[in-house]
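The figures that follow rest on heavy atoms only: side chains count, while hydrogens, waters and symmetry mates do not.
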Amino acid sequence: MRTTRALAAGAVAALALGFAAPTASAWSSDPSNIVALPGVIARGGELTVTVDGTACQTPRSTVSSPVFPTTRLSSVGNNSATATVTVDRDARPGSYDITVRCGTNGNQTLTRPAAFTVIGGVRGGLGGASTTGATPTDMAIGGGLVAAAVIGGGVFWMRRRTESRI
């Protein structure tokens with residue numbers, strides 16, 4: 001009885017594997033993988049996209065996303081290609097897809113959803129910053145603090161100087 005069950009279970013497993021094999025071979029397509037590094041990037045940063053597949057080593061293969069321009073892939077050997085792209089400075093924070101078009105006609109495509117995430121500046125109200133660099137207001141405040149420190153130091157030094165003569 002146990003032997004019959006074991007044989008039946010083995011036959012079902014072999015049958016399932018036999019039906020899954022053609023499906024598995026249909027899943028292995030070229031291009032096969034997209035990797036974006038770093039996975040989290042600030043606006044205006046450089047992103048390196050690597051694609052696995054021999055079809056992507058052709059000269060007309062491209063990579064694109066809503067937050068960077070379409071860029072040609074360069075073959076790096078070892079059945080992969082790469083491109084370095086710059087994320088738009090006005091990109092909204094969030095996750096973005098990457099699409100590659102490979103082959104001589106660009107007819108082999110692959111999209112990786114949420115391949116990378118763009119982060120933005122903080123918007124914390126008073127004191128938060130969403131711009132880069134110092135604003136004219138920041139410069140005026142800093143200059144005023146430096147002037148106050150110089151004047152205060154001068155007064156303190158002059159006062160200490162008169163105390164030593166007494």
Side-chain angles (χ1 to χ4, degrees), residues 3-142:
T3 308
T4 308
R5 284 186 194 167
L7 287 175
V12 169
L15 188 61
L17 183 63
F19 282 126
T23 307
S25 67
W27 286 338
S28 62
S29 62
D30 193 22
S32 61
N33 189 26
I34 301 172
V35 177
L37 292 175
V40 177
I41 191 165
R43 297 179 278 194
E46 283 192 353
L47 185 70
T48 302
V49 180
T50 305
V51 183
D52 295 334
T54 56
C56 293
Q57 293 180 325
T58 59
R60 293 185 181 168
S61 299
T62 60
V63 60
S64 62
S65 180
V67 293
F68 60 77
T70 300
T71 307
R72 289 189 187 259
L73 290 165
S74 301
S75 175
V76 291
N78 204 16
N79 293 333
S80 61
T82 188
T84 301
V85 297
T86 302
V87 175
D88 296 338
R89 289 203 172 275
D90 60 348
R92 291 179 162 249
S95 295
Y96 289 94
D97 302 347
I98 293 179
T99 301
V100 293
R101 288 179 177 76
C102 299
T104 55
N105 297 328
N107 55 357
Q108 295 173 320
T109 63
L110 177 66
T111 299
R112 178 163 181 215
F116 65 99
T117 303
V118 175
I119 57 174
V122 296
R123 295 197 193 313
L126 185 61
S130 61
T131 61
T132 58
T135 64
T137 306
D138 295 335
M139 296 297 284
I141 292 170

Close side-chain approach of [X] and [Y], heavy atoms under 4.5 Å:
X    : Y    : result
R101 : S64  : yes
R43  : V118 : yes
V85  : V87  : no
L47  : L37  : no
F68  : T86  : no
S65  : F116 : yes
D88  : P66  : no

Within 6.0 angstrom of N107 CG, more than 12 heavy atoms from elsewhere:
yes

Can you tell me how far OG1 of T50 sits from CG of N78, rounded to the nearest 0.5 angstrom?
11.5 Å

Got a sec, which residues hit side-chain hydrogen bond (donor to acceptor under 3.5 Å, both in side chains) with [X], two or more places apart in sequence or on another chain?
X    : value
T58  : S61
D138 : T135
T117 : S95

Residues forming a side-chain contact (heavy atoms from CB on, under 4.5 Å) with [X], sequence neighbours excluded:
X    : value
R72  : R60, T62
T111 : D97, T99
I141 : T137, L145
A55  : D30, C102, Q108

Spell out, as yes or no, whether a donor-acceptor pair under 3.5 Å connects the side chain of R112 to the backbone of I34.
yes

Quick check against the 3.5 Å criterion: does T109 have a side-chain atom that pairs as donor or acceptor with the backbone of V100?
no

For a side chain to side chain contact (heavy atoms under 4.5 Å, CB included) check, start with the C-alpha distance between V51 and V49, then their side-chain angles and the critical distance, and finish with the verdict.
CA-CA 7 Å; V51 183; V49 180; 4.3 Å; yes

Nearest heavy-atom contact between V67 and A91 is CG1-CB, 3.7 Å

